Amino acid sequence: MQSAETVLGVLRERGRKGLPCTELYRQLFNPQIYLLAYGRIYSNKGSMTPGATRETVDGMSRAKIDRIIDAMRHERYRFSPARRTYIPKKNGKLRPLGLPTWSDKLVGEVVRLLLEAYYEPRFSDRSHGFRPNRGCHTALREVANTWAGTTWFIEGDIADCFGSLEHHRMIEILSGKIRDNRFLR
């Protein structure tokens, strides 16, 4: 089994060259990627918060990862419905929050690692939101260093942006470069 860094490096290079991914689902069988994903999320603030089940980070083991991989290999893995809770917003309204099971968080992080490795090299250097090692500070630094004569800035927010994305449209967009129906299902 290839190391996680080797797999992600190959995906980065394919993404940089614009080559399609044809066997991405197979990477869901690689325990090294799950261990990398675990290392990225185990210390997150919500890792001890149970989702739809009582499962939390403290129940994770290599045997559990092996069971997840076995379920993936035989196409038996199913995401559980997230536990819905509401958190207060500054304006007094409530924002819905879905709390997935720990296993679902782990699988989601594996998928994120794979997709990010492939797509990150294709993103514009001008894009700073929700990207590794980028954010508000890098955007402001770019504005200060490269923009001249700006008079106006317009800030916007799309209400319920992620909750309103059409799933079939997202799959359609991904299928342009990811030619692996097992991964896209």
Side-chain angles (χ1 to χ4, degrees), residues 1-85 97-123 127-135 137-138 162 165 167 170-171 173-175 177-185:
M1 201 52 60
Q2 291 181 319
S3 75
E5 289 306 322
T6 299
V7 169
L8 297 176
V10 168
L11 285 172
R12 272 186 215 96
E13 188 60 20
R14 290 190 73 79
R16 192 183 65 71
K17 292 179 179 179
L19 300 172
C21 289
T22 56
E23 297 185 358
L24 203 51
Y25 191 80
R26 279 183 5 160
Q27 301 312 320
L28 297 175
F29 311 155
N30 186 333
Q32 299 303 313
I33 297 176
Y34 285 84
L35 293 173
L36 176 63
Y38 174 82
R40 299 269 174 105
I41 63 173
Y42 82 95
S43 63
N44 289 356
K45 204 163 99 175
S47 65
M48 290 300 292
T49 304
T53 65
R54 300 192 51 76
E55 178 186 40
T56 62
V57 66
D58 63 350
M60 188 50 59
S61 65
R62 179 61 193 260
K64 183 152 193 155
I65 289 173
D66 290 342
R67 286 191 300 273
I68 292 170
I69 289 171
D70 185 63
M72 286 292 184
R73 182 173 279 119
H74 296 98
E75 298 185 33
R76 290 189 319 259
Y77 188 88
R78 298 292 177 262
F79 285 91
S80 300
R83 180 169 63 92
R84 178 71 71 178
T85 189
L97 183 65
L99 300 172
T101 65
W102 174 256
S103 294
D104 288 352
K105 286 180 190 178
L106 182 64
V107 172
E109 179 65 8
V110 168
V111 169
R112 188 197 65 76
L113 285 169
L114 296 171
L115 291 174
E116 181 178 271
Y118 180 76
Y119 283 104
E120 179 64 25
R122 301 183 60 83
F123 290 155
S127 170
H128 294 267
F130 302 98
R131 294 190 53 201
N133 304 314
R134 293 175 183 249
H137 291 91
T138 58
F162 294 111
L165 294 174
H167 185 258
M170 295 292 295
I171 297 298
I173 291 167
L174 290 173
S175 68
K177 288 292 182 183
I178 298 176
R179 313 244 173 86
D180 184 344
N181 288 332
R182 289 175 76 194
F183 185 83
L184 293 176
R185 281 189 277 166

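As the structure is a prediction and not an experimental result, all values here were calculated from the model.
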Peer 1: Please lay out, stage by stage, how Val110 and Asn30 fare under the test side-chain contact (heavy atoms from CB on, under 4.5 Å).
Peer 2: CA-CA 10 Å; Val110 168; Asn30 186 333; over 6 Å; no

Peer 1: Starting at CZ of Arg112, measure out to CD1 of Ile41 and round the result to the nearest 0.5 Å.
Peer 2: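 That separation rounds to 9.0 Å.
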
Peer 1: Taking Gln27 for the side chain and Val7 for the main chain, is one N or O donor matched with an acceptor at less than 3.5 Å?
Peer 2: no

Peer 1: Applying ring pair (Phe, Tyr, Trp, His ring centres under 6.0 Å) as the test, list every pair that has at least one member in residues 35-60; sequence neighbours left out.
Peer 2: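 Found Tyr38-Tyr42.
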
Peer 1: Which heavy atom in Tyr34 sits nearest to a heavy atom in Leu106, and how many Å separate them?
Peer 2: O-CD1, 3.7 Å

Peer 1: Are there over 12 heavy-atom neighbours, none belonging to Asn181, within less than 6.0 Å of that residue's CG?
Peer 2: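 No, because the 6.0 Å sphere around CG of Asn181 holds 12 heavy atoms or fewer from other groups.
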
Peer 1: Does a side-chain N-to-carboxylate-O contact under 4.0 Å join Lys17 and Glu13?
Peer 2: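 Yes, charged N to carboxylate O under 4.0 Å.
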
Peer 1: Going by the angle between their ring planes, with limits at 30° and 60°, are Tyr119 and Phe123 parallel, tilted or perpendicular?
Peer 2: parallel

Peer 1: Of all the heavy-atom pairs spanning Arg84 and Gly98, show the shortest one and how long it is.
Peer 2: NH1-N, 4.3 Å

Peer 1: Within the distance-only criterion (no hydrogens, no angle test), does the side chain of Arg14 pair as donor or acceptor with the backbone N or O of Cys21 below 3.5 angstrom?
Peer 2: no

Peer 1: Looking at Arg131 and Glu120, is there a salt bridge between them, counting it only when a charged N and a carboxylate O are closer than 4.0 Å?
Peer 2: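 Yes, charged N to carboxylate O under 4.0 Å.
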
Peer 1: Checking side-chain contact (heavy atoms from CB on, under 4.5 Å) for the pair Arg40/Leu113: CA distance, chi angles, key distance, verdict?
Peer 2: CA-CA 10 Å; Arg40 299 269 174 105; Leu113 285 169; 3.3 Å; yes

Peer 1: For Ala37 versus Glu109, what's the shortest heavy-atom pair and its separation?
Peer 2: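 That closest heavy-atom pairing would be CB-CG, 3.5 Å.
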
Peer 1: Taking all atoms of both residues into account, what is the closest heavy-atom pair of Leu184 and Ile178, and its distance?
Peer 2: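 Looking at all heavy atoms of both residues, the closest pair is CD1-O, 3.4 Å.
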
Peer 1: Work out which heavy atom in Glu55 is nearest to a heavy atom in Ser103; give both atom names and the distance.
Peer 2: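 Heavy atoms only, the tightest pair is OE2-OG, 2.6 Å.
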
Peer 1: With distance as the sole test, does Tyr77 use its side chain to make a donor-acceptor pair with the main-chain N or O of Asp70 at under 3.5 Å?
Peer 2: no

Peer 1: Any donor-acceptor pair under 3.5 Å linking the side chain of Arg122 with the backbone of Gly15?
Peer 2: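 Confirmed, Arg122 side chain pairs with Gly15 backbone.
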
Peer 1: Quick check: closest heavy atoms across Tyr25 and Asp180, and the distance to 0.1 Å?
Peer 2: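 That would be N-OD2, 2.7 Å.
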
